[in-house]
Amino acid sequence: MIEMTENTRVAIVGATGYAGVELNTILARHAHATIVAAYSSEQFSIEALTAAKPDVVFLATPNEVSAELAPAILALGVRVVDLSGAFRLRDPQLYPQWYGFAHETPKLLDEAVYGLTEWCNGELKNARIVANPGCYPTSVLLALRPLMYLIDRTQAVICDSKSGVSGAGKKSDLAFSFSELFGNFKAYGVGQHRHEPEIRQGLRLGDRATLVFVPHLLPTVRGILSTIHVGFTHAMSDEEVSKLYAEAYDEAPFVRVLPAGQLPELKNVVNTPRCDIGFTLLQGGRRAVIVSVIDNLLKGAASQAVQNFNRMCGWAETEGLV
Ligand SMILES: NC(=O)c1ccc[n+]([C@@H]2O[C@H](COP(=O)([O-])OP(=O)(O)OC[C@H]3O[C@@H](n4cnc5c(N)ncnc54)[C@H](OP(=O)(O)O)[C@@H]3O)[C@@H](O)[C@H]2O)c1
């Protein structure tokens, strides 16, 4: 059948998780993807995956599971889009400290394409393995990358990020229970969150510049709002900042930058594959407060993974997502 041969055969490992369910939904309506297998932890085996003959495997699995499975899947000649953090950091030495395990395949850290889609060029086309960015880093990096070379690195970059509870996955834990969360709001993991080195890497901050990343848990299911405070090396006008954002994102189907002074809200992006960004300049344009919002399960996970998949396979970037 002509239609089948034109499609890319995809498999989802971790299809019963929060991100995996979103992947299922998107890929099921994708005009050029055929889901040939979808696994929970109990259903999965490498033999079953081999028999399904996928072209691309999405790993929506815990970090350690992805770190183990990706090399085995690549060895089958199958491409991988990994939604975990197992291949996001370039430096293998960071893994024991931030992820709690030693990385067994450091060469793949060099090879993996960091899939912040809007900042990838042709490299996704030939990628064997894509490290899909973390949800908090997606919200922060999309907001700051266009202004990266203006950032005054002698001042702290402060990222005050709030996430809905689905960011923690479906696991059950007292801290994520309804009675702990409802009517509550709290910061957590300051100086210890594994997305901190990813943000540092993505902004090329090196070891010395101060990055203060404060994650918070919102009493809501989905969505991330990051409030970012930065100083610039010189005064910027609204028009200059807007121009930098326009150059970065005018052609990007899923990033919308609001006019200067208008700040985005969670409700505008929840259940969408979009990131909305707004900014307000302070101190005569020497500082900015930038607000960025995404749905953590979509632009922060599954829809960005499919954007990357579309670029890997040459399908329209928006396929399955609009
Ligand atoms: N949640 C988010 O907002 C978000 C955003 C960006 C990235 N991520 C990353 O995406 C990955 C999935 O996150 P999630 O929130 O969807 O997690 P989740 O809800 O906890 O789901 C985890 C999935 O992995 C499966 N799994 C666990 N161990 C496995 C194994 N040994 N072999 C095969 N499958 C296994 C689980 O199957 P069972 O149903 O059988 O347990 C489940 O389908 C994680 O690495 C996470 O860090 C999540």
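Counting starts at 1 for both ligands and their atoms, in listed order.
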Looking at atom 46 (C) of ligand 1, would you say a protein heavy atom lies below 4.0 Å from it? no
Record the part of Ser66 in heavy-atom contact with ligand 1 below 4.0 Å; permitted values are side chain, backbone, both and neither. neither
4.5 Å side-chain heavy-atom contact, Arg222 and Asn296: yes
Touching ligand 1 at all, Gly167? Heavy atoms, strictly under 4.0 Å? yes
re atom 2 (C) of ligand 1, the protein heavy-atom contact at minimum distance is Leu297 CD2, 3.6 Å
Which residue owns the protein heavy atom closest to atom 4 (C) of ligand 1, what's the atom, and how far is it? Ala301 CB, 4.2 Å
Could you tell me whether Tyr39 and ligand 1 have an N or O pair separated by under 3.5 Å? no
State, without any angle test, whether Glu198 and Tyr114 hold a side-chain donor-acceptor pair at a distance under 3.5 Å. yes
What protein heavy atom is closest to atom 32 (N) of ligand 1, reported as residue, atom name and distance in Å? Val65 CG1, 3.8 Å
Run the numbers on Asp160 and Lys162 for salt bridge (charged side-chain N to carboxylate O under 4.0 Å, His left out), then give the verdict. CA-CA 7 Å; Asp160 192 39; Lys162 302 100 186 161; 3.3 Å; yes
For residues Ile290 and Leu147, determine if any side-chain heavy atom of one lies less than 4.5 Å from a side-chain heavy atom of the other. yes
Provide, to 0.1 Å, the distance between atom 1 (N) of ligand 1 and the closest protein heavy atom, together with that atom's residue and name. Ser166 O, 3.0 Å
Any protein heavy atom lying closer than 4.0 Å to atom 29 (C) of ligand 1? yes
Considering non-hydrogen atoms of the protein only, which is the closest contact for atom 20 (O) of ligand 1, and what is the distance? Lys170 N, 3.5 Å
Per the side-chain hydrogen bond (donor to acceptor under 3.5 Å, both in side chains) rule, which among His30, His32, Glu319 passes with Asn310? His30
What do you reckon, does Gly14 have a nitrogen or oxygen under 3.5 Å from a nitrogen or oxygen of ligand 1? yes
Taking the six-membered ring for Trp and the single ring otherwise, decide whether the centroids of His216 and Tyr188 are under 6.0 Å apart. no
Which of the ligand 1 atoms, numbered from 1, are nearer than 4.0 Å to a heavy atom of Pro62: 24 (O), 26 (N), 27 (C), 28 (N), 45 (O)
Closest protein heavy atom to atom 6 (C) of ligand 1, given as residue, atom name and distance to 0.1 Å: Gly300 O, 3.0 Å
Between Phe232 and Arg286, is there a cation-pi geometry (under 6.0 Å to ring centre, at most 45° from the normal)? no
Side chain or backbone, does Ser41 bring an N or O within less than 3.5 Å of an N or O on ligand 1? yes
side-chain hydrogen bond (donor to acceptor under 3.5 Å, both in side chains) partner of Thr138, chosen from Lys299, Gln304, Glu118: Gln304
Hey, does Gly17 come in under 3.5 Å of ligand 1, counting only N/O atoms on both sides? yes
Using a distance-only test with no angle check, is there a side-chain donor-acceptor pair under 3.5 angstrom linking Gln201 and Arg88? no
Taking atom types as modelled, is there a side-chain donor on Glu317 or Thr117 under 3.5 Å from an acceptor on the other? no
So do the side chains of Val80 and Phe87 get within less than 4.5 Å of each other, counting heavy atoms only? no
Quick one: look at Val13 and ligand 1, take heavy-atom pairs under 4.0 Å, and tell me if it's side chain, backbone, both or neither. side chain
Identity and distance of the protein heavy atom lying nearest atom 36 (C) of ligand 1: Thr16 OG1, 4.1 Å
Of Thr138, Asn296, Val21, Leu83, the one whose closest heavy atom lies nearest atom 8 (N) of ligand 1 is Leu83
What protein heavy atom is closest to atom 12 (C) of ligand 1, reported as residue, atom name and distance in Å? Ala60 O, 3.3 Å
Any N/O pair Pro133/ligand 1 closer than 3.5 Å: no
In terms of side-chain heavy atoms, does Glu239 have a donor or acceptor partner in Ser242 at a distance below 3.5 Å? no
